[in-house]
Number of protein chains: 2
Amino acid sequence: MPNDNAVIAPQDCADCPIRHRAVCARCEADELDALEQIKYYRSFEAGQTVVWAGDRMDFVGSVVSGIATLTQAMEDGRTQMVGLLLPSDFVGRPGRDGAAYDVVATTDLVMCCFRKQPFEKMMVSTPHISHRLLEMTLDELDAAREWMLVLGRKTAREKIASLLSIVARRDATLKLDTVDGPLVFDLPLTREAMADYLGLTLETVSRQISALKRDGVIHLEGKRHVTVPDFSRLMEEAGDDSDGGMLA
Amino acid sequence: MPNDNAVIAPQDCADCPIRHRAVCARCEADELDALEQIKYYRSFEAGQTVVWAGDRMDFVGSVVSGIATLTQAMEDGRTQMVGLLLPSDFVGRPGRDGAAYDVVATTDLVMCCFRKQPFEKMMVSTPHISHRLLEMTLDELDAAREWMLVLGRKTAREKIASLLSIVARRDATLKLDTVDGPLVFDLPLTREAMADYLGLTLETVSRQISALKRDGVIHLEGKRHVTVPDFSRLMEEAGDDSDGGMLA
DNA sequence: CGTTGGGTTGAGCGCTCTCAAGTATTGTGG
DNA sequence: CCACAATACTTGAGAGCGCTCAACCCAACG
């Protein structure tokens, strides 16, 4: 069990890759200094569980790099992913002791954590933090509601196309890519994780990915490396109107 | 078209039925006075649309009485309900011009509205408001994620039982009922609206309600009046563990 | 090499959808 | 008061999509 929950060396907030998108985005220099006092980094290996649902959670924090998932499970084992946490996304809920969901690192993961008590105090004294958190929470709520449409009403093929277009879009914004050319990216999730996100079985995920490949909507190299020659085609397959969501 | 979007007589916040649960819950007397300056009431009849997705929305507000729904539609007509708005729930998003979803009154509805500009100014100057809004938004996000499990992983029968237990629970807390005895309530939704909430067809909703009735999980008088003789039985049918959520 | 984890593909089944007919209730006009 | 329509709901029959179960492929790794 190497390097478990490793605490890594502190880093200057000014150099932080998520400085202008995370919960601290709106903070002034002096506010950042205060945050810097209570922050610490933790890193996790792909596959590690960050927190278990129901466990006490004495910190909150931001994803700095890597990807984590929020999942919910029924007693009989059925599992639904309820959140995909990307760099700058916030983990934990101020004002609550226990974690509501399992948080799992699906890739190697670095988090910038704050002990909960001091963070909650800072929220009261620092409107920049709580306003930014409100804004981020409203965005997450919108994303969750978008996803409810996917889960409730889309076909398996549309679900896969929806997931691919979300990952493609995120990747494009990270890389500041132009939207026109072919998009190329790696799937950050296993077939099983995709199934848990989409409310499908992994076999159905595999079949529909094969079908999209057969129909030329995507190209695959290996299992994870995806090329999307025509993004608007993918959007059609997702059942969204062709250019609705590229702005944001 | 009688009484369309009627503006009704102002009411004192002190007497407001949602005074201690809405976005104003944490406000002091002087803050309430300020809110009172910018508030106005609007009422809607069952079936009326409050706002259309994409339309400019120049107000935000709280549901005072009645029930509204948030729904999202695809071009081909498939529809997914993404929110069920009960008294004290908040409508609208500060910092955004357009409505993201259709808001429809499913029963007669009274809303306490605030013009958006003044409300946004008050949010900045009144932490009690933005903190309460953050708290409510986090609760809604949790509810949305719970619902993702229902949509993604539950069977039709479990979906119906989940909806019934949510309505029953809400009704019990409103009436401050004891939890033990049989629960009695009216369904606030048509079969079609239930179908849109659950990601089912209305026929499947009807069949599963009949099945739960046949199996003695519920009793029906007419189409809408429901009696639940044994709540824990209903929870089992919903696939939740028997007593997880009664506290909150 | 054998093992393991992730992925693909096939065959058959069943849950939910689609299409369709029928019931109950309410409101409307003659 | 009745005929009629409209709305909400129920129930049936058949079809299809996605699930289950199972075999198999492939790359990484010891």
Side-chain angles (χ1 to χ4, degrees), chain A residues 2 45-48 74 76-80 104 106-107 150-164 186-215 218-226 237 239, chain B residues 2 45-48 74 76-80 104 106-107 150-164 186-215 218-226 237 239:
Chain A
E45 297 183 356
Q48 272 193 304
M74 298 171 66
D76 62 8
R78 280 176 284 175
T79 279
Q80 176 64 51
V104 178
T106 60
T107 66
V150 174
L151 290 173
R153 291 303 187 193
K154 292 196 176 178
T155 65
R157 184 180 175 101
E158 289 169 334
K159 285 179 175 181
I160 297 290
S162 298
L163 178 58
L164 291 175
D186 284 300
L187 283 171
L189 300 174
T190 65
R191 301 292 187 262
E192 186 180 22
M194 291 190 243
D196 284 343
Y197 201 7
L198 297 166
L200 297 170
T201 59
L202 67 90
E203 293 95 330
T204 298
V205 170
S206 184
R207 271 186 260 269
Q208 295 299 335
I209 289 181
S210 298
L212 288 174
K213 176 177 150 196
R214 191 161 51 244
D215 298 343
I218 58 174
H219 296 247
L220 277 184
E221 281 169 68
K223 316 294 188 182
R224 301 287 195 93
H225 195 74
V226 181
E237 293 287 354
Chain B
E45 297 182 357
Q48 272 191 305
M74 297 170 66
D76 61 9
R78 280 177 285 176
T79 279
Q80 176 65 50
V104 179
T106 59
T107 65
V150 173
L151 289 173
R153 291 304 187 191
K154 291 196 177 180
T155 65
R157 184 181 175 100
E158 289 169 334
K159 285 179 174 180
I160 297 290
S162 297
L163 177 58
L164 291 174
D186 284 298
L187 284 171
L189 301 173
T190 65
R191 299 291 187 263
E192 186 180 21
M194 290 190 247
D196 284 343
Y197 201 8
L198 296 166
L200 297 171
T201 59
L202 68 89
E203 295 94 329
T204 298
V205 170
S206 183
R207 271 187 261 270
Q208 295 299 335
I209 289 181
S210 298
L212 288 175
K213 176 176 150 196
R214 190 162 51 244
D215 298 344
I218 59 173
H219 297 246
L220 278 183
E221 279 168 70
K223 316 293 189 186
R224 302 287 195 94
H225 194 73
V226 181
E237 294 287 353

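Throughout, protein chains are lettered first and strands after them, A, B, ... in sequence-line order, and every chain is numbered starting at 1.
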List in chain and number order the residues that pass side chain to side chain contact (heavy atoms under 4.5 Å, CB included) with [X], two or more places apart in sequence or in another chain; answer none if no residue qualifies.
{"X": "Lys223(B)", "value": "Arg191(B)"}
{"X": "Thr107(B)", "value": "Ile67(B)"}
{"X": "Thr79(B)", "value": "Thr71(B), Ala73(B), Asp196(B)"}
{"X": "Ala46(B)", "value": "Asp108(B)"}

Round to a whole Å and report the spacing from [atom1] of [X] to [atom2] of [N].
{"X": "Arg191(B)", "N": "dT10(D)", "atom1": "CZ", "atom2": "C1'", "result": "9 Å"}
{"X": "His225(B)", "N": "dC9(D)", "atom1": "NE2", "atom2": "C1'", "result": "18 Å"}
{"X": "Asp196(B)", "N": "dA8(D)", "atom1": "CG", "atom2": "P", "result": "13 Å"}
{"X": "Ile160(B)", "N": "dT10(D)", "atom1": "CD1", "atom2": "P", "result": "10 Å"}

What one-letter contact string describes nucleotides 9-24 of chain C from 5' to 3', where B marks a base within less than 4.0 Å of any protein heavy atom, S marks contact via sugar-phosphate atoms alone, and - marks no contact? BBB----SSBBB----
Just grab all the salt bridge (charged side-chain N to carboxylate O under 4.0 Å, His left out) pairs involving residues 199-211 of chain B, residues at least two apart or on different chains. none
Arg157(B) side-chain N/O to Ile209(B) backbone N/O, donor-acceptor pair under 3.5 Å: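 Such a contact is absent between Arg157(B) side chain and Ile209(B) backbone.
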Please tell me if Arg224(B) has a side-chain N or O lying less than 4.0 Å from either OP1 or OP2 of dC9(D). yes
